[in-house]
Amino acid sequence: MDFQLYDSLSRSARPLAAADDKELRFYCCGPTVYGPAHIGNFRTFILQDVLRRSLEALGHKVRHVRNLTDVDDKTIRQSREEKRSLAEFTAHWTKRFHEDCAALNLLPPHVEPAATAHIPQQIDLIGKLIDKGHAYRANDGSVYFRVSSFSDYGKLSRLKDREILTGRPGSADDAAGPVDADEYELDSAADFALWKSRKPDDGEVFWPSPWGEGRPGWHIECSAMSMAYLGETFDLHGGGVDLVFPHHENEIAQSEACTCQPFARHWFHSAHLMVEGRKMSKSLGNLHTLDDIRARGVSPAALRYALLSGHYRQPLNFTWETIHSAESALEKLRKFRRQLADSAGDTTAPENGGWGSFSPVAAALADDLNTSAALGAVFRGIREVDATSPETAAAAIASLDRALGALGLALAEEKPSAAIPADITRLAEERWAAKQAKNFAEADRLRDQLKAQGWTTLDRKDGYDLEPLA
RNA sequence: GGUGAGGUAGCCAAGUGGUAAGGCCGGAGUCUGCAAAACUCCUAUACGCGGGUUCGAUUCCCGCCCUCACCUCCA
């Protein structure tokens, strides 16, 4: 199936395809590991994951690379404040990131390169840029990219249509505060750092280079690592919209100035997540992490569902009502699947079944990753499912799983049932006995008591189930 | 100010030049001692405002109002 995806460089929907017709090479800008990722970060990573899963479900092969930014101002500053080495600090947050990704059912990328593990590649790239006249060394030992040397600069973010650039490179990024213009000898305020010379605030974080001790600039790692694992030209590059400028613009400049080859052939940018109608920010206190979500009793799967409920190019408004809605919708799907499983019994479907009544899900995903329409198609699909025999039920499960699998919404695993304390069991037993004896007043009293302790009882004809209150 | 995205029923959210997916919420019925759960069914004169093009616009064009984002921290 032809897969259409909007390309933010050409500003049009284009067929997404591997240049070599074999494997789609996909690079994603990953997290800076200096703290827990927030749900906005995860919106982007989940979208990338769904894109990959959808392509794979439709028979495409994908090579997925997502980097880890484990050296920058934030990681250095924070690790110093905590009096930990940079490596120890970033390892801790990397582990946490991986745990969160697993909880959200994100497929691990095939390669997850860390910036600090690719310093030589970055130095090599910077050296080539100097040799070709695209970069210069300032008198403090830092190396800058000369924006004026790259005529295509601004093609991704339409810089020409914007106001003239002002400000100083690295100033907001520099813990030392505003810098003296003479010190840096910049050719242009738009020039950006490729290599930052060692500063006192960097502590022990530095590497030797032909330009003295220092560390890589913000953008160079992605150019170096994408080239290392995917080649000078690759098929698709993804990230949040905020990375369009300057990060991706600078990646293009560095890479294309160096190789004289196109960098990424297709750009995939996902819109931001809003919280309660506002931008997420620490000052508003709405920068939720996965732990915050779980503390509210929401499952990671529901978060994933909620983050897929809108189209990726549209800002999505996250509210607690939305996520409650997602939890309910997901529970409806789980129940439906359980019923199918009951009907199917031991019968299993052949491996290579199709999408069945869920083929519109595939069509929606292949049409610019329309997850919202895909979710709608899932619900329309379940109405059309034929489960009149174990065989058809088994086939329906297979096609449902295929559709939900493309969205990364695995329902197969049951919710772990919470352990029921003995006193709760005893109360429930007493209530059941009272009910059987038609002593309803006593039964209701005991039911209230259970409720007060956070449990609810669901009666059947021949017994009852106990469930914790949500 | 510049650039970009958007305003669809109570909420979230697709989509289309010919009268509008889906989810949540809500309601009814079945069941139940009553509930809850489950199952079945259902509702809603929803397309920001004003013009224009058209046989016909929510969908294209123009203007306006409002919201949000980006403009060197940012997924």
Side-chain angles (χ1 to χ4, degrees), chain A residues 8 11 28-32 34 37-48 72-74 77 157-174 189-193 218-219 238-247 249-250 269-274 277-282 287 305-306 308-311 313-333 335 339 360 364 367 370-383 435 438-441 443-444 447-448 451 456-461 464-465 467 469:
Chain A
S8 30
R11 294 180 185 253
C28 301
C29 289
T32 301
Y34 73 108
H38 56 69
I39 58 177
N41 295 315
F42 283 120
R43 179 185 193 196
T44 295
F45 298 137
I46 286 171
L47 253 359
Q48 291 161 351
D72 80 323
D73 291 331
K74 294 190 291 283
R77 191 187 315 129
S157 52
R158 276 190 178 174
L159 219 52
K160 280 182 184 139
D161 296 335
R162 298 191 184 201
E163 288 186 318
I164 291 168
L165 290 171
T166 55
R168 299 198 49 80
S171 59
D173 195 34
D174 195 327
D191 292 352
F192 57 91
W218 176 27
H219 316 290
V241 276
D242 53 297
L243 296 184
V244 170
F245 186 84
H247 186 56
E249 197 69 71
N250 291 353
H269 288 109
S270 37
H272 273 177
L273 182 69
M274 319 275 291
R278 315 188 68 172
K279 178 185 178 173
M280 278 194 300
S281 76
K282 276 179 185 161
L287 228 164
Y305 185 104
L308 293 176
S309 66
H311 188 90
R313 282 197 278 136
Q314 240 35 276
L316 179 71
N317 188 23
F318 175 92
T319 66
W320 294 106
E321 197 175 339
T322 305
I323 199 140
H324 172 70
S325 153
E327 193 84 86
S328 299
L330 214 42
E331 189 53 29
K332 187 169 169 179
L333 293 174
K335 278 167 184 156
Q339 287 172 356
D367 179 15
N370 193 334
T371 52
S372 185
L375 250 15
V378 167
F379 284 94
R380 266 180 291 131
I382 69 178
R383 281 194 226 134
K435 183 188 168 181
K438 300 214 184 295
N439 185 354
F440 298 124
D444 288 350
R447 183 166 61 194
D448 286 343
K451 204 172 184 177
T456 185
T457 163
L458 284 69
D459 293 355
R460 300 185 311 266
K461 275 259 184 290
Y464 61 91
D465 291 319
E467 278 190 7
L469 286 169

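Numbers restart at 1 for each chain; the letters A, B, ... are given by sequence-line order, proteins then strands. Only this structure's heavy atoms are used, side chains among them; waters, hydrogens and symmetry mates stay out.
- RNA chain B is contacted by both K438(A) and S372(A); S372(A) maps to the nucleotide lying nearer its 5′ end (nearest heavy atom per residue).
- Within the structure, a side-chain polar atom (N or O) of K279(A) is placed less than 4.0 Å from OP1 or OP2 of C70(B).
- Of all the residues in residues 38-45 of chain A, H38(A), G40(A), N41(A), T44(A) reach under 4.0 Å from RNA chain B with at least one non-hydrogen atom.
- Listed pair Q314(A) / G6(B) meets the phosphate criterion, a side-chain N or O lying under 4.0 Å from OP1 or OP2.
- Judged by distance alone with a 3.5 Å cut-off, a donor-acceptor contact links the side chain of D444(A) to the base of G33(B).
- For R447(A) and A35(B), a side-chain-to-base donor-acceptor distance below 3.5 Å is present, hydrogens and geometry of angles not being considered.
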For RNA chain B, please output the secondary structure as dot-bracket, reading 5' to 3'. Pairs are Watson-Crick or G-U wobble, both atom distances under 3.5 Å; mark crossing pairs with [ ], other-strand partners with |, unpaired with a dot. (((((((..(((.....[...))).(((((.......))))).....(((((..]....))))))))))))....

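- Classification of K451(A) and D448(A) as a salt-bridged pair fails, no side-chain N sitting under 4.0 Å from a carboxylate O.
- The side chain of H272(A) lies closest to A69(B) when the candidates are A37(B), C24(B), A69(B).
- The distance between atom CD of E321(A) and atom C1' of G26(B), rounded to the nearest whole Å, is 12 Å.
- Using a 4.0 Å heavy-atom cutoff across all strands shown, E327(A) reaches no nucleic acid atom at all.
- A sub-4.0 Å separation between OP1 or OP2 of U72(B) and a side-chain N or O of N250(A) is absent.
- Distances were taken from every side-chain heavy atom of K435(A) (C-beta onward) to each of C34(B), A38(B), G23(B); the shortest belongs to C34(B).
- One finds a side-chain N or O of Q339(A) lying less than 4.0 angstrom from the OP1 or OP2 phosphate oxygen of C39(B).
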